[in-house]
Amino acid sequence: DQLFDVVGNDAGSVFLSDSHGVWAVTGEAWTAIESTSLDALAVGPDGTLWGAGWERVLAWSAGQGVEYPSTLLGEGDNTSSVKDVAVGPDGVLWVTTANTVARFDGREWAWWGNGAGFPESTYPYWPEAIGIGADGTVWVSHGSGMLRYDGETWADVDPGSSQPKGIVVAPDGRVIVDTWADGLAVFDGSWTTMNAANSPLLTDRTRSAFVDGRGRLWVGTTWGVTIIDGDDAVTYTMATSGLAGNCVDAIWVDGDGPELPEPTDPVTGSLAGSVTLLGAPHAGRRVVVCSEQPSPIYSGEHPCEGYPVGMVTVTDEQGRFLLTDIPIGDYDIAWEVEQGSWKFHLIGGDLPTVRAGELTTLEPVDVGGD
């Protein structure tokens, strides 16, 4: 199962979209309100729930649903790929598609795109996420930068971080943008970067963010969630909390949010397997278990250098390996073919899942050939 987005309203209800559809959660009660999943959700100041998905935008108000086709969101084939929704403080809806940004004021739709209101550029803009500030400023990520709309014109903005993705605008006006592998880009009059080198974040691979009523910054990453409160910070992972997964794609916090418990001691498991080279035991070679996908370009001792988890062992004479005391979670793995040369799964493959107190044994891997 996959969680795509989660939002809430002032009445204490939570709405989420997952692999099975869209749900309203009030207390212990779960109510299905849409049978297909949507990529993004937003709640307007009047309580209307909006959702964005393939070829459509949906609205639910007072128990009634309305569907708007993506043909209203601009011209071109890519408008069918509806990306994100956000509602401004004035109740105006904003939507991104793969090549346009559209606005709906409750009566009429308007849109902008490449050659139709976006800044001139030698390359097309591919909008992704959208966020609206309290002053009405519209922020849109487009993969290689940001677009900003001040109510009259669009400007292309460099956030100082590559591959910006999701956007959250904090109550104090800060614009916080998660990125694929470059930490957080934060705008507070000027752009700064928060990453593993200069902040409590344990990884630069950020996936979501939220600012609660106390001003605490919640950051979802590929290695758990980090909550930053001034000079204090805490990170929770599967191994140190009740998180169901280490990759946190969506966050919403009700009001001031909860008091934060201390993380537990890491819960661990073990991992075993064997490696061959063209059918023969591959002895004396390193195996590294990685908290994220190994990098084909690296400068350290192995392709997971600097990751939150990059545990290394060496195969025995029969090509077997064993790693113990691994924090529970889902991992990637890399095998050394020869000194300084590594092989790993770019897509798929038998990836390690480590569970509490258990020994996970992988299928044998041959690192010879393709």
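Everything numeric here is computed off the predicted structure, so don't read it as measured data.
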(Q) When you compare the side chain of Trp342 with that of Val288, does any pair of heavy atoms fall below 4.5 Å? (A) yes
Could you check if a side-chain atom of Val157 sits within less than 4.5 angstrom of a side-chain atom of Phe187, using non-hydrogen atoms only?
-> no
* Asked: With distance as the sole criterion, is a donor-acceptor pair present between the side chains of Asp5 and Ser17 under 3.5 Å?
  -> no
Here the ring-ring contact (aromatic ring centres under 6.0 Å, His included) pairs for residues 264-284, sequence neighbours left out, are none
Could you tell me if the ring centre of His302 sits under 6.0 Å from that of Trp335? no
For Arg207, the salt bridge (charged side-chain N to carboxylate O under 4.0 Å, His left out) test, sequence neighbours excluded, returns none
Is the backbone N or O of Lys83 less than 3.5 Å from a side-chain atom of Asp39, with the two atoms forming a donor-acceptor pair by type? no
Residues passing the side-chain contact (heavy atoms from CB on, under 4.5 Å) test with Thr353, sequence neighbours excluded, are Asp330, Arg355
Hits for salt bridge (charged side-chain N to carboxylate O under 4.0 Å, His left out) against Asp332, two or more places apart or cross-chain, chain-then-number order -> none
Here the pair of heavy atoms bringing Leu323 nearest to Val312 is CD2-O, 4.0 Å
Q) Is Trp252 reachable from Ile227 through a run of hydrophobic residues whose side-chain heavy atoms are each under 4.5 Å from the next? A) yes
All heavy atoms of Val177 vs all of Lys165, minimum pair found to be CG1-N, 3.9 Å
Review point. Is a donor on one side and an acceptor on the other found under 3.5 Å between the side chain of Ser291 and the backbone of Val309?
Key: yes
| field | Donor-acceptor under 3.5 Å (Tyr236 side chain, Gly242 main chain) | value | no
Of all heavy-atom pairs linking Ser161 and Thr179, the shortest is CB-CG2, 4.0 Å
Between Ala42 and Val87, the two heavy atoms sitting closest are CB-CG2, 4.2 Å
Between the CD1 atom in Ile176 and the CH2 atom in Trp139, the distance rounded to the nearest 0.5 Å is 12.5 Å
Next item on the list: Determine, using the 4.5 Å side-chain heavy-atom cutoff (strictly less than), whether Leu147 and Val92 are members of one ILVMFWY cluster.
Entry: yes
Contacts of His20 meeting ring pair (Phe, Tyr, Trp, His ring centres under 6.0 Å) (sequence neighbours excluded), chain-then-number -> none
Exercise. Without swapping roles, check the side chain of Thr237 against the backbone of Asn246 for a donor-acceptor pair under 3.5 Å.
Key: no
### Task
Apply side chain to side chain contact (heavy atoms under 4.5 Å, CB included) to the pair Leu73 and Trp111, showing each step before the final yes or no.
CA-CA 6 Å; Leu73 309 179; Trp111 63 272; 5.9 Å; no
Hits for salt bridge (charged side-chain N to carboxylate O under 4.0 Å, His left out) against Glu259, two or more places apart or cross-chain, chain-then-number order -> Arg214
For residues 150-185, the ring-ring contact (aromatic ring centres under 6.0 Å, His included) pairs (sequence neighbours left out) are Trp112-Trp154, Phe118-Trp154, Tyr149-Trp154
*Might you confirm whether atom CG of Asp265 has over 12 heavy atoms from other residues, nucleotides or ligands at distances under 6.0 Å?*
no
For residues 176-198, the salt bridge (charged side-chain N to carboxylate O under 4.0 Å, His left out) pairs (sequence neighbours left out) are none
Salt bridge (charged side-chain N to carboxylate O under 4.0 Å, His left out) pairs touching residues 94-118, sequence neighbours excluded, are Asp105-Arg107
Could you tell me whether the side chain of Thr315 and the main chain of Arg285 form a donor-acceptor pair under 3.5 Å? yes
Using a 3.5 Å distance criterion without hydrogens, assess whether the side chain of Ser121 forms a donor-acceptor pair with backbone atoms of Pro124.
no
Closest non-hydrogen contact found for Ala170 with Val211 is CB-CG2, 3.6 Å
For Ser208 and Ile251 the tightest heavy-atom approach is OG-CG1, 3.5 Å
Check your understanding: Is it the case that Asp158 and Trp191 place a side-chain donor and acceptor less than 3.5 Å from each other?
Key -> no
Contacts of Glu358 meeting salt bridge (charged side-chain N to carboxylate O under 4.0 Å, His left out) (sequence neighbours excluded), chain-then-number -> none
>> Is there a side chain to side chain contact (heavy atoms under 4.5 Å, CB included) between Asp249 and Leu3? Walk through the geometry before answering.
In response: CA-CA 7 Å; Asp249 287 319; Leu3 175 65; 5.9 Å; no
Checking Ser13 against Thr26: is there a side-chain donor and acceptor pair closer than 3.5 Å? yes
Residues 310-331 vs ring-ring contact (aromatic ring centres under 6.0 Å, His included), sequence neighbours excluded, gives none
**Asked** When hydrophobic residues are tied together by side-chain contacts of less than 4.5 Å, even through go-betweens, does Tyr68 share a cluster with Trp94?
**Response** no
Under 3.5 Å, sequence neighbours excluded: what are the donor-acceptor pairs made by side chains of residues 50-60?
unit_1, atom_1, unit_2, atom_2, d
Arg56, NH1, Glu34, OE2, 3.4
Arg56, NH2, Glu34, OE2, 3.0
Arg56, NH2, Thr36, OG1, 2.4

